S.K.: 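Shown below is the structure under consideration.
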Amino acid sequence: MRNKVTLTILSLLVIVALSECNSNKQSKEDSAEQQNSGTPVTTTSIGNGTLTESIELNATSIFLLKTFVKSSVNGYIESSFVQPGQYVPRGAKLFILKTKEAHNLGNTISRMDSTFHFSGRILIHASGSGYITTLNYHSGDYVADGEQLAVISNLKSFAFLLELPYDLKSCLASNKQILLKLSDGTILNGRATSTMPSVDPVSQTLSVVIKVN
């Protein structure tokens with residue numbers, strides 16, 4: 001009988017010990033979860049400085065001033081002296097046009113009267129200096145009177161056109177200096193010089209002209 005009582009007491013002590021161990025383990029786990037769920041805080045020293053805010057927007061390169069070279073007669077381009085991307089000074093020879101009448105009747109008239117020098121050739125000169133950015137026709141092409149032959153873009157009118165959201169227009173007065181980052185990583189210093197007098201009705205943006213050196 002005494003042995004049975006001793007065994008029962010030992011069993012109870014083991015159960016109580018296991019319960020206390022599980023309780024202590026659960027308490028430690030709850031405490032660890034509470035510590036992990038807290039917001040991490042980093043301390044630092046106090047300092048004085050200037051807060052800056054930047055906005056990244058898209059801009060495209062354009063030539064603001066362009067000269068349109070047009071045909072003055074109905075005829076054929078006998079010779080072309082320019083290529084796309086070529087720089088031409090003011091007054092440079094661009095095209096030689098031959099009128100339709102001269103192209104059809106020139107040889108006939110010359111055979112009838114050799115003293116009558118009928119060529120029908122008209123020389124087209126550049127009315128402004130710049131780069132040939134558009135070339136619509138080549139030698140041998142037929143063109144009508146007033147048709148555009150080429151476009152000369154003035155190098156001095158080169159600029160970037162920035163599409164600025166209209167609600168940010170007030171920021172432009174104190175931020176004339178603008179950094180332009182090109183696709184190859186080159187950074188240019190630009191200055192906002194003017195704005196276009198209209199707003200795009202779809203995107204609600206205002207076009208800002210940025211000049212660079």
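Source: prediction; values computed, not measured.
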S.K.: Side-chain contact test, heavy atoms from C-beta onward, threshold under 4.5 Å: evaluate it for Leu57 versus Pro165 and give yes or no.
M.R.: yes
S.K.: Would you mind reporting whether Leu161 and Val208 have side-chain heavy atoms less than 4.5 Å apart?
M.R.: no
S.K.: Distance from Asp141 atom CG to Ser139 atom OG, nearest 0.5 Å?
M.R.: 8.0 Å
S.K.: Could you tell me whether the side chain of Phe160 reaches within less than 4.5 Å of the side chain of Val212, counting heavy atoms only?
M.R.: yes
S.K.: Taking all heavy atoms of Leu162 and all of Asn58, pick out the closest pair and write down the distance.
M.R.: CD1-O, 3.3 Å
S.K.: Under the salt bridge (charged side-chain N to carboxylate O under 4.0 Å, His left out) rule, what pairs show up with a residue in residues 142-165, not counting sequence neighbours?
M.R.: none
S.K.: Show every salt bridge (charged side-chain N to carboxylate O under 4.0 Å, His left out) that has at least one partner inside residues 168-178, sequence neighbours left out.
M.R.: none
S.K.: Applying ring-ring contact (aromatic ring centres under 6.0 Å, His included), name anything that partners Tyr137, two or more places apart in sequence or on another chain.
M.R.: none
S.K.: How long is the gap from CG on Leu164 to CG on Asp167, to the nearest 0.5 Å?
M.R.: 8.0 Å
S.K.: Would you check, one step at a time, whether the test side-chain contact (heavy atoms from CB on, under 4.5 Å) holds for Ser207 with Thr195?
M.R.: CA-CA 6 Å; Ser207 297; Thr195 58; over 6 Å; no
S.K.: Which residues pass the side-chain hydrogen bond (donor to acceptor under 3.5 Å, both in side chains) test with Asn175, sequence neighbours left out?
M.R.: none
S.K.: First locate atom OG of Ser61, then atom CD1 of Ile210, and finally report the distance between them rounded to the nearest 0.5 Å.
M.R.: 11.5 Å
S.K.: May I have the step-by-step check of side-chain contact (heavy atoms from CB on, under 4.5 Å) for Asn154 and Lys66, ending in yes or no?
M.R.: CA-CA 6 Å; Asn154 191 323; Lys66 297 181 179 181; over 6 Å; no
S.K.: Got a sec, which residues hit ring-ring contact (aromatic ring centres under 6.0 Å, His included) with Tyr142, two or more places apart in sequence or on another chain?
M.R.: Tyr76
S.K.: The criterion is side-chain hydrogen bond (donor to acceptor under 3.5 Å, both in side chains); which residues satisfy it with Thr133, sequence neighbours excluded?
M.R.: Ser153
S.K.: Do the non-hydrogen side-chain atoms of Leu179 and Asn189 ever get within less than 4.5 Å of each other?
M.R.: yes
S.K.: Mind checking whether Ile187 and Leu180 have side chains closer than 4.5 Å, heavy atoms only?
M.R.: no
S.K.: Where do Ser71 and Leu97 come nearest, in terms of heavy atoms and distance?
M.R.: OG-CD1, 3.5 Å
S.K.: I need the Leu172 CG to Leu206 CG distance, nearest 0.5 Å.
M.R.: 8.0 Å
S.K.: Calculate, to the nearest 0.5 Å, the distance between atoms NE2 and CG belonging to His138 and Leu149 respectively.
M.R.: 11.5 Å
S.K.: First locate atom CZ of Phe81, then atom CG of Leu94, and finally report the distance between them rounded to the nearest 0.5 Å.
M.R.: 9.0 Å
S.K.: Is any side-chain heavy atom of Leu123 closer than 4.5 Å to a side-chain heavy atom of His125?
M.R.: yes
S.K.: Using modelled atom types and a 3.5 Å cut-off, is there a donor and acceptor pairing between side-chain atoms of Ser157 and backbone atoms of Leu65?
M.R.: yes
S.K.: Where do Phe95 and Val69 land on the side-chain contact (heavy atoms from CB on, under 4.5 Å) test, with the steps shown first?
M.R.: CA-CA 10 Å; Phe95 302 96; Val69 181; 4.3 Å; yes
S.K.: Which pairs pass ring pair (Phe, Tyr, Trp, His ring centres under 6.0 Å) with one or both residues in residues 51-72, sequence neighbours excluded?
M.R.: Phe63-Phe158
S.K.: Return each pair, listed once, that meets salt bridge (charged side-chain N to carboxylate O under 4.0 Å, His left out) where at least one residue sits in residues 182-211; pairs must be two or more places apart or across chains.
M.R.: none
S.K.: How close do Ile124 and Ser72 get, heavy atom to heavy atom, and via which atoms?
M.R.: CD1-OG, 4.1 Å
S.K.: What closest approach, in Å, do Ala192 and Ile178 show between heavy atoms, and which atom pair accounts for it?
M.R.: CB-CD1, 4.1 Å
S.K.: Quick check: closest heavy atoms across Ile132 and Gln83, and the distance to 0.1 Å?
M.R.: CB-O, 3.5 Å
S.K.: What pairs meet the salt bridge (charged side-chain N to carboxylate O under 4.0 Å, His left out) rule with one or both residues in residues 72-85, with sequence neighbours excluded?
M.R.: Glu78-Arg121
S.K.: Kindly write out the residues that satisfy side-chain hydrogen bond (donor to acceptor under 3.5 Å, both in side chains) with Ser174, not counting sequence neighbours, or none if the list is empty.
M.R.: none
S.K.: Name all residues meeting the side-chain hydrogen bond (donor to acceptor under 3.5 Å, both in side chains) criterion together with Gln204; count only those two or more places apart in sequence or in a different chain, and write none if there are none.
M.R.: none
S.K.: Can you name the residues that form a ring-ring contact (aromatic ring centres under 6.0 Å, His included) with Tyr87, not counting sequence neighbours?
M.R.: Tyr131
S.K.: State plainly whether one hydrophobic cluster holds both Val143 and Leu135, where clusters connect Ile, Leu, Val, Met, Phe, Trp and Tyr through side-chain heavy atoms under 4.5 angstrom apart.
M.R.: yes
S.K.: For Ala126 and Pro89, work out which heavy atoms get closest and say how close.
M.R.: CB-O, 3.7 Å
S.K.: Can you check side-chain contact (heavy atoms from CB on, under 4.5 Å) on Ile55 and Leu168, steps first, answer last?
M.R.: CA-CA 10 Å; Ile55 302 174; Leu168 298 178; 3.8 Å; yes
